[in-house]
Amino acid sequence: MSYSTLKRVSLAIAAGMLLSTGPGLSQALELRSADIHPEGYPTVLAVQKMGELIKERSGGRITVKVFSGSALGSEGDSIEQVKLGALSMARVSSAAMHNICEVTRVPSLPFLFTSKEHLHKVLDSDIGEQILKSCEQAGFVGLAWYDSGARSMYSRGKPVRSVADAKGMKIRVQQSDLSVAMIEAIGANATPMPMGEVYTSLKTGLIDAAENNYPSYESGHHYEVAKFFSKTEHTMTPEILLFSKRQWDKLPEADRKIIQDAARESVPYMRKLWAEREDKSLAIVQQAGAQVVEADKASFQAVMKPVYDRFVTTDEMRDLVKRIQAVK
Ligand code: GTR
């Protein structure tokens with residue numbers, strides 16, 4: 001653990017981890033949740049909404065405080081804190097869990113989902129449930145999936161319309177071996193780094209391109225420094241809401257139910273906000289001069305077989321992929 005993470009963890013503990021005193025039924029409980037996105041972003045609003053439901057249903061006893069805008073560090077930092085039980089929850093991209101619980105790689109596989117409806121059907125089914133559950137062994141209770149749209153490439157200099165355009169480019173990816181492999185499959189050089197470093201890296205030319213959805217491209221101001229957004233839509237990696245297994249195990253059953261139900265119920269709210277935000281972000285970036293171009297998706301899809309071969313490694317994962325492909 002880095003020194004800064006250690007400092008954040010001890011701060012979180014010092015700030016009062018009410019759970020550690022052992023929750024009696026009447027005891028107040030504040031659940032702290034981290035998000036790298038700023039106030040007003042759909043993921044932040046959804047967890048705040050969940051907090052309102054929890055407060056109401058617990059008669060004001062349980063509250064949720066969201067630390068937005070990376071206040072508690074990068075996604076990797078907050079995942080560590082959740083694992084240790086210093087933090088109750090973190091809303092992260094499921095890509096941040098790829099190297100921690102490998103089954104979460106499945107919904108990030110390139111071109112696996114054919115539409116948003118397909119994605120929703122899968123995440124809302126026993127398949128989504130199974131993947132959420134898969135993180136328990138690693139110390140995380142998966143409470144819910146949130147939307148994150150499709151990820152596409154955006155670049156400086158020239159658009160990435162096809163695999164040929166991407167050749168040799170330095171492209172930032174999330175810190176996941178699968179994300180690295182997708183970029184290598186198209187003949188580009190992958191540079192994994194936290195999202196907080198992308199703007200400066202694009203600006204200074206440390207990287208030529210990155211990939212994300214419209215809302216992150218917009219809220220991170222990446223469109224100011226990488227004005228070509230090419231609709232490769234190569235993956236639909238969803239967001240995941242994690243709860244600390246350490247804290248969960250200490251909670252009475254009735255409180256777990258309040259929390260789990262509220263998380264589920266925040267999902268339709270989040271999806272509505274997400275759809276609105278995608279449109280709004282697209283309008284903002286276009287107005288600012290970003291060029292949104294169509295991409296030859298087939299050229300990207302054609303080179304992804306090695307990624308499946310390398311990352312779909314267990315019978316469970318093979319079965320999940322088959323079941324997902326069979327959902328219509
Ligand atoms: C966003 C996601 C973030 C973060 C980011 C990234 O779409 O919402 O949680 O993972 O991508 O690329 O780092």
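FYI, side chains are in, hydrogens and waters are out, and symmetry mates aren't considered; it's all heavy atoms of this structure. Note that ligands are numbered from 1 as they come in the structure, with each ligand's atoms numbered from 1 the same way. Predicted, not measured: the structure shown is a model, and the values here were computed from it.
- Within the 3.5 Å criterion, the main-chain N or O of Arg161 finds a donor-acceptor partner in the side chain of Asp165.
- In this structure, Arg91 has a heavy atom closer than 4.0 Å to ligand 1.
- Considering Ser68, Ser219, Ser216 in turn, Ser216 is the only one that fulfils the side-chain hydrogen bond (donor to acceptor under 3.5 Å, both in side chains) rule with Tyr41.
- Under 4.0 angstrom from ligand 1, the non-hydrogen atoms of Asn213 all belong to its side chain.
- Close approach of ligand 1 to Ile36 (heavy-atom distance below 4.0 Å) involves ligand atoms 3 (C), 4 (C).
- Taking the centre and axis of the six-membered ring of Phe67, the NZ or CZ atom of Lys65 falls inside the cone set by 45° and 6.0 Å.
- The one candidate from Leu112, Ile186, Thr235 that meets the side-chain contact (heavy atoms from CB on, under 4.5 Å) condition with Met304 is Ile186.
- At under 3.5 Å, a nitrogen or oxygen of His37, whether backbone or side chain, sits near a nitrogen or oxygen of ligand 1.
- For atom 13 (O) of ligand 1, the nearest non-hydrogen atom from the set Met193, Gln175, Glu75, Arg172 belongs to Arg172.
- Here's the thing with Arg151: one of its N/O atoms is less than 3.5 angstrom from an N/O atom of ligand 1.
- Summary of contacts: the protein heavy atom closest to atom 5 (C) of ligand 1 is Met195 SD, 3.3 Å.
- Taking a cut-off of under 4.0 Å to the non-hydrogen atoms of Ser93, the atoms of ligand 1 that pass are 9 (O), 10 (O).
- Under a 4.0 Å criterion applied to the non-hydrogen atoms of Ser148, ligand 1 contributes the atoms 7 (O).
- Between Tyr214 and Phe229, the gap from one ring centroid to the other is short of 6.0 Å.
- Judged purely by atom type and a 3.5 angstrom limit, Ser244 uses its side chain to pair as donor or acceptor with the backbone of Val82.
- The aromatic rings of His221 and Tyr199 stand perpendicular to each other, their planes meeting at an angle above 60°, with 30° marking the opposite boundary.
- With a 4.0 Å heavy-atom cut-off, ligand 1 is reached by the side chain of Asn212 but not by its N, CA, C or O.
- Annotation for ligand 1: atoms under 4.0 Å from non-hydrogen atoms of Ser216 are 1 (C), 7 (O).
- Closest to atom 8 (O) of ligand 1, if we only count protein heavy atoms, is Glu239 OE2, 2.5 Å.
- Glu117 and His120 share no donor-acceptor pair across their side chains, judged by distance under 3.5 Å alone.
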